[in-house]
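Given the structure is predicted, the values throughout are model-derived calculations rather than measurements.
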Amino acid sequence: MTALPLRAADRLALFGTLLSVFDAVHPLCDHWVQSSEDARLKGLHGDHFVYADGTPLPDGADPADSDIPVFKASVLGRAAACRHVRSYTAVQLGTALAVTRALGHRVPLGALLAGAAVNAATHLVIDRREPLLKLADRVGKRGYIDHCTATRVNDKGEVTTELSGPGTALMELDQAAHRFIGIGAAALTTWLATRSGRQ
């Protein structure tokens, strides 16, 4: 077997390291770093009004008459998704920087920021749920999503069915999409870091 040129080996090593970091940090940020509130609210959509916990106003209620702050559902959902993506990006960047430096590679900050931007932007779009559902419809995955839902029981013993969240096909599709995009983010970061001979 022919040995790889040193430069190619270095690029592959950096790519593998970044891909591993992006992949390993993802579930940590989704399940440990993300707040329960943001996980619950980030998929809210619509022009209807809701309370800060995402509960819709009663039918016929006037938002102007509420003593408690109310928000349009989409505004609350976007804010929750943005908070999650902000913490996700900070942890991902910090971990990638720490690991690459500990292994002796000084990745230019611009290259790391470019890869993080790819992950952050796509994470925001996917975690808003509606775009992911539209994509799933286009590629014929709606049956999978509708079949693999989760049943939840609240503290009053009421049973509901949930399309999103742990135990659902939508969450599996979400995770698979994020991981696949991570390949591109790691490749972009590696290319930017090594294109001008910086090692």
Side-chain angles (χ1 to χ4, degrees), residues 18-19 21-57 63-64 66 68-99 107-138 141 145 150 152 160 162-189 192:
L18 291 168
L19 182 59
V21 168
F22 292 168
D23 194 50
V25 164
H26 184 99
L28 174 80
C29 293
D30 271 359
H31 302 291
W32 285 94
V33 177
Q34 179 176 213
S35 73
S36 298
E37 178 185 28
D38 290 345
R40 188 170 34 82
L41 299 176
K42 67 185 179 183
L44 285 178
H45 284 272
D47 289 331
H48 62 286
F49 285 90
V50 297
Y51 296 109
D53 68 354
T55 304
L57 268 68
S66 177
I68 303 169
V70 295
F71 309 87
K72 285 195 174 181
S74 284
V75 171
L76 195 62
R78 274 194 302 273
C82 286
R83 283 191 302 270
H84 167 50
V85 169
R86 189 170 52 239
S87 64
Y88 162 85
T89 303
V91 172
Q92 181 188 75
L93 266 173
T95 306
L97 191 61
V99 169
V107 179
L109 185 58
L112 279 174
L113 288 173
V118 168
N119 279 330
T122 56
H123 203 105
L124 182 62
V125 170
I126 291 168
D127 276 24
R128 288 290 285 136
R129 297 292 178 246
E130 222 171 57
L132 186 61
L133 285 167
K134 287 178 182 175
L135 176 62
D137 284 340
R138 283 193 176 167
K141 289 293 182 184
I145 291 171
R152 311 282 187 221
T160 59
E162 187 176 277
L163 194 67
S164 180
T168 66
L170 189 60
M171 183 171 175
E172 295 297 330
L173 292 171
D174 165 287
Q175 295 295 299
H178 289 315
R179 293 176 84 174
F180 183 72
I181 290 165
I183 297 170
L188 174 64
T189 303
L192 290 172

Quiz item: So, H26 versus Y88, ring centres under 6.0 angstrom or not?
Solution: yes

Exercise. May I ask you to check whether S35 and R83 show a side-chain donor-acceptor distance below 3.5 Å?
Key: no

Quiz item: Does CZ in R179 sit with more than 12 non-hydrogen atoms of other residues, nucleotides or ligands closer than 6.0 Å?
Solution: no

Quiz item: Do V75 and L44 come within less than 4.5 Å of each other through their side chains, counting heavy atoms only?
Solution: no

Quiz item: Between D53 and R40, is the closest basic N to carboxylate O distance under 4.0 Å?
Solution: no

Exercise. Kindly compute the distance separating CG (L188) from CD1 (I183), expressed to the nearest 0.5 Å.
Key: 13.5 Å

Quiz item: What pair of heavy atoms forms the shortest contact from Y51 to F71, and how long is it?
Solution: C-CD1, 4.4 Å

Exercise. Decide yes or no for P166 and E172: does some side-chain heavy atom of the first lie under 4.5 Å from some side-chain heavy atom of the second?
Key: no

Quiz item: What is the distance from atom CG of L170 to atom CD of Q175, rounded to the nearest 0.5 Å?
Solution: 10.5 Å

Quiz item: Could you walk me through whether L163 and L133 pass the side chain to side chain contact (heavy atoms under 4.5 Å, CB included) check?
Solution: CA-CA 10 Å; L163 194 67; L133 285 167; 4.1 Å; yes

Quiz item: With a 4.5 Å heavy-atom cut-off, do L109 and L113 have their side chains touching?
Solution: yes

Quiz item: Nearest heavy-atom pair of P63 and F49: which atoms, and what distance?
Solution: CG-CD1, 3.3 Å

Exercise. Provide the closest heavy-atom pair for T189 versus A185 in the form atom of the first, atom of the second, distance.
Key: OG1-O, 2.8 Å

Quiz item: If every non-hydrogen atom of S164 is compared with every non-hydrogen atom of R152, which pair is closest and at what distance?
Solution: O-NH2, 3.9 Å

Quiz item: Going from SG on C82 to CG on D38, what distance comes out if it is rounded to the nearest 0.5 angstrom?
Solution: 10.0 Å

Exercise. For side chain to side chain contact (heavy atoms under 4.5 Å, CB included), just list the numbers for T89 and N119, CA-CA rounded to whole Å, side-chain angles, deciding distance to a tenth of an Å, and then say yes or no.
Key: CA-CA 8 Å; T89 303; N119 279 330; over 6 Å; no

Quiz item: Can you tell me how far the CG atom of L132 sits from the NZ atom of K141, to the nearest 0.5 Å?
Solution: 12.0 Å

Quiz prompt | Worked check of side chain to side chain contact (heavy atoms under 4.5 Å, CB included) between V99 and L18 | solution = CA-CA 9 Å; V99 169; L18 291 168; over 6 Å; no

Quiz item: In Å and rounded to the nearest 0.5 Å, what is the CD to CG distance from Q92 to L97?
Solution: 12.0 Å

Quiz item: What closest approach, in Å, do I126 and A177 show between heavy atoms, and which atom pair accounts for it?
Solution: CD1-CB, 3.8 Å

Self-check item: Non-hydrogen side-chain atoms of R128 and H45 separated by less than 4.5 Å
Solution: yes

Quiz prompt | Nearest-0.5 Å distance, SG of residue C29 to CD of residue Q34 | solution = 9.5 Å

Quiz item: Going by distance alone, is a donor N or O of one side chain under 3.5 Å from an acceptor N or O of the other, for D127 and H178?
Solution: yes

Quiz item: Passes side chain to side chain contact (heavy atoms under 4.5 Å, CB included), L124 versus H84? Steps please.
Solution: CA-CA 8 Å; L124 182 62; H84 167 50; over 6 Å; no

Self-check item: Closest contact, heavy atoms only, V85 versus A120
Solution: CG1-O, 3.6 Å

